[in-house]
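In what follows, chains carry the letters A, B, and so on, assigned in the order in which the sequence lines appear, proteins first and then strands, with residues in each chain numbered from 1.
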Amino acid sequence: MNRFNFKDIENKWQKLWEQKKVHISKKDTNKKKFYCLEMFPYPSGKIHMGHVRNYTIGDVLSRYKTLKGYNVLHPMGWDSFGMPAENAAKQNNLNPKTWTESNIKTMKSQLKQLGLSIDWDREISTCSADYYKHQQKLFLELYDKGLVYRKESYVNWDPIDKTVLANEQVIDGKGWRSGAVVERKKLNQWFFKISKFSDELLRDLDSLNEWPEKVKTMQKNWIGKSLGCEINFKIEGSKEIDLIRCFTTRPDTLFGFSFLAVSIDHPLSKYYEDNAEFKNFKKECSKTGTTEESIAQATKIGFKTDLLAINPLDNLIKVPVYFANFVLMDYGFGAVFGCPAHDQRDFDFAKKYKLKIKTVVKPDNEDDNFTVKDEAYSGPGTLINSKFLDGLKAPDQSIRETIKFLENKNLGEKKINYRLKDWGVSRQRYWGCPIPIAYDENNDIIKIPENQLPVKLPENVNINVNGNPLDTQDDWKKVTINGKICSRETDTLDTFVDSSWYFLRFCSANNKSLAFDKSDLDYWMPVDQYIGGVEHAILHLLYSRFFMRAINLNNPGVKIVEPFKGLFTQGMVCHETYKDSNDNWLSPDEIFSENGREYFLKKDPKQKVRIGPSESMSKSKRNTIDPQNIINLYGADAVRFFILADSPPERDVQWSDEGMISAYKFIQKFWLLNEQILEITKKKSHSDDKEKEIDIFTNQSIYKINQALDKFRYNVIIATCHEIYSFFKKISENKKNYKNLKKNFEKILLVMMPIIPHISSECLDKLNYNENFRWPEVDLKYLQNENNNIVIQVNGKKRGLVSVQKNIEENDLIKVIKDKELIKNYLNNGNLLKTIYIKNKLINYIIK
RNA sequence: GCCCUCGUGGUGAAAUUGGUAGACACAAAGGACUUAAAAUCCUUGCCGCUUGCGGAGUGCCAGUUCGAGUCUGGCCGAGGGCACCA
């Protein structure tokens with residue numbers, strides 16, 4: 001008997017699959033399609049464990065659906081524009097293109113070593129002009145539809161990366177990549193009008209019933225729909241302004257109005273630009289930072305103007321107008337009416353500037369003399385101190401009635417507001433898709449004509465410059481359009497644009513003239529199962545949903561609205577963290593242990609290692625495991641087997657060397673089992689009762705795996721594989737060639753194929769299996785044992801177990817068990833009130 | 001603060017969706033084989049007493065039910081998301 005030589009055998013099958021083009025998919029309208037897509041990787045150098053998990057999950061599904069007879073599309077590509085290439089280029093004086101292409105080569109070969117069933121004929125790379133030329137056309141199409149516009153606006157400026165960040169890319173006031181504290185800067189920027197679809201993007205979430213609720217909730221919150229009222233406040237004072245518009249969700253608290261606050265960016269500020277005190281205030285505000293987060297941390301400060309705002313419900317109530325640091329220009333109209341009694345921010349502000357705090361809502365368990373004291377009250381209740389509004393139930397009735405009143409008197413208007421802002425796509429970077437726009441001598445926008453597309457990114461550019469390297473390319477910038485000399489846009493597109501439509505490109509990956517062919521989309525789209533990390537729950541998924549709608553706008557040919565029918569978000573791969581006595585991170589390679597509990601430094605065995613919590617693998621914490629080493633040591637099937645074992649795919653999984661070794665041992669012993677069965681099947685065939693057992697076990701296992709596959713419960717499949725091994729191991733020890741042994745074992749190999757394709761294929765080959773690979777049908781008659789174990793309970797507690805014939809009637813069952821010593825004792829020591837019999841499951845005696 | 005998710009042995013986890021809690025695996029301990037080690041195999045969730053049996057037991061407290069890990073309400077804890085969003 002031979003060991004399983006994974007190196008040779010895995011290589012053999014990978015080559016064979018490639019030669020026979022078994023993973024190449026062709027449109028075939030007679031066959032039911034299945035589009036399985038994993039989020040494509042950024043080619044950063046080599047694959048990491050997260051990739052291994054992500055792509056194994058997708059591969060299991062693809063292979064399963066193929067066995068089930070679907071025409072499966074399982075493509076792969078490269079999200080290959082982006083800053084790491086530029087950073088690497090700067091650090092090592094490399095060309096971003098060369099660097100990226102070499103990484104792609106490495107990673108592609110690594111993915112192939114995992115035995116993934118990918119259609120490499122459809123490979124795409126977003127940094128190739130073959131890809132981005134279509135993107136430039138799409139950009140211009142959206143521009144013609146009015147979904148792209150340019151405006152001067154404040155942007156989040158990352159001083160390290162020297163680039164603009166989307167609001168979504170600012171995390172805790174810092175750039176999501178560089179970690180630099182974000183500054184504010186005013187620039188001319190290109191925007192996608194995602195807000196046009198706010199309502200649709202929100203509403204259609206309800207149709208995505210194969211998405212995790214968590215992701216849908218996050219998108220809902222991100223879009224942030226709120227129903228409220230727009231109110232115009234009359235202004236009195238020395239300036240030429242007579243109205244300030246506010247948006248409020250609580251118009252019913254208008255009688256608690258004690259100040260009006262506007263953002264420092266509000267148009268009102270132009271009247272105070274020369275005011276030294278205001279300038280100081282503005283400076284004070286900028287000191288506290290400009291991101292929402294840092295504003296949040298700062299104490300509330302205000303600048304009192306000489307203006308008064310009049311309460312629209314009572315002209316006699318006039319309150320001061322402030323500039324305040326906590327009011328955002330981006331949301332609503334950059335102005336809020338302050339009601340300190342029922343809003344904590346307003347309360348804090350009012351306390352600081354000694355403004356009136358008038359209670360207008362009382363909780364239902366309080367009387368009319370209730371007043372707000374130490375904190376604002378924002379709960380439900382009844383309106384008080386509000387004249388004609390008194391007695392209304394807050395919040396629902398009172399808001400509804402107040403809006404009605406304001407609308408009737410022309411003082412306000414019902415309004416729906418969204419938190420979602422338009423998507424800024426301009427990036428001051430070199431390594432991205434050029435924006436196909438130029439400007440003439442009047443700085444008017446000129447579209448690059450179709451016959452001058454694509455706008456190719458110039459090569460051999462010195463990128464060791466501050467700011468955008470494209471700005472320095474005078475030859476490239478100069479372009480003649482219709483005889484006019486123009487200057488190109490030097491900003492490139494956010495890489496989220498690249499990934500917002502790549503799933504469409506896969507459908508027509510080799511179409512030279514079109515980004516995608518509508519008939520291809522009709523067949524392949526939507527993506528039936530999309531698989532990736534939850535970190536893209538908002539940005540990438542929302543942008544892709546927007547792109548689909550943008551393409552569909554005025555384009556009745558495209559039928560699909562939602563790009564991803566099913567979404568699965570897998571958990572991360574974690575590993576323990578280690579530190580030495582000086583608090584430096586240690587990699588697992590640098591330490592050793594003799595008892596599995598205490599670790600020591602290899603280079604200094606006396607030094608004890610501090611074991612930290614298990615965290616997601618990251619280079620900075622040095623707790624990564626290189627998949628390449630693991631593949632070399634144990635082979636692809638063992639890695640696939642391990643990465644799916646133990647934890648359900650949506651949860652984090654712990655990397656453990658012991659677990660990996662256990663998976664490797666499983667592959668090895670399974671191979672030996674196959675060799676044994678092969679030997680046995682050469683013997684004369686044999687028939688006895690065991691055959692039935694084999695049939696039952698096989699069918700039940702296939703059923704179990706089938707169920708688990710349909711629900712992404714891959715860890716249960718691994719457990720079942722272990723059970724399968726134990727069962728057939730025992731059977732093979734009899735050394736009898738049961739008539740149905742070979743057939744059943746072949747079925748088992750077929751259902752294991754999605755998980756461990758190489759060894760399963762090889763085993764089938766060894767057994768001379770030469771039929772087509774098809775998912776075996778489950779024979780339902782084997783799913784229930786003929787003899788059933790019935791649980792005997794007394795007062796709901798398990799007291800015994802009896803094996804009886806299936807579908808036995810209650811009276812017959814009682815005859816069987818009434819003589820049991822145990823039951824007799826219970827029955828003799830109490831009164832039997834009743835018995836509950838659940839067929840084939842249990843009998844429960846109720847005894848007092 | 002609000003929203004979401006999750007709490008099961010030393011660990012990762014199963015549990016046919018209300019019916020035998022802890023499948024499967026890791027670790028640890030004990031045992032078998034071996035001159036010995038490695039490898040392999042077997043046993044072990046906890047607390048009692050002698051095999052066997054009894055008791056408690058799925059974060060905590062109630063409730064519904066013949067029966068609750070599963071359903072309902074409240075509390076506690078962990079993780080994630082959002083936020084001076086008016």
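You'll find that the side chain of Lys798(A) is closest to U20(B), out of C3(B), U20(B), C85(B).
Only the C1' atoms considered, C3(B) is 48 Å distant from G54(B), to the nearest whole Å.
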Passes ring pair (Phe, Tyr, Trp, His ring centres under 6.0 Å), Tyr782(A) versus Phe697(A)? Steps please.
CA-CA 8 Å; Tyr782(A) 292 118; Phe697(A) 179 84; over 10 Å; no

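Not one side-chain nitrogen or oxygen of Ser226(A) sits closer than 4.0 Å to the OP1 or OP2 atom of C85(B). Between Asn221(A) and A83(B) there is no side-chain polar atom (N or O) within less than 4.0 angstrom of OP1 or OP2.
If you check distances only, the side chain of Asn844(A) does reach the base of C66(B) with a donor-acceptor pair under 3.5 Å.
Residue contacts for Gln654(A): at a heavy-atom cut-off of 4.0 Å it reaches no nucleic acid atom on any strand shown. At a threshold of 4.0 angstrom between heavy atoms, the contacts of Lys220(A) with the nucleic acid are absent.
Remark: the Thr402(A) side chain and the Asp252(A) side chain contain no N/O donor-acceptor pair separated by less than 3.5 Å. For the residue pair Asp422(A) / Ser195(A), a side-chain donor-acceptor distance below 3.5 Å is found, with atom types taken as modelled.
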How is the base pairing of RNA chain B summarised as a dot-bracket string, given the Watson-Crick and G-U wobble criteria with both distances under 3.5 Å, [ ] for crossing and | for another strand?
(((((((..(((......[....))).(((((.......))))).((((..))))...(((((..]....))))))))))))....

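Between His722(A) and Phe641(A), the ring centre distance stays below 6.0 Å.
Every residue two or more places apart in sequence or in another chain that forms a salt bridge (charged side-chain N to carboxylate O under 4.0 Å, His left out) with Lys839(A) is listed here: Glu809(A). When the salt bridge (charged side-chain N to carboxylate O under 4.0 Å, His left out) test is applied to Asp652(A), no partner is found at least two apart in sequence or on another chain.
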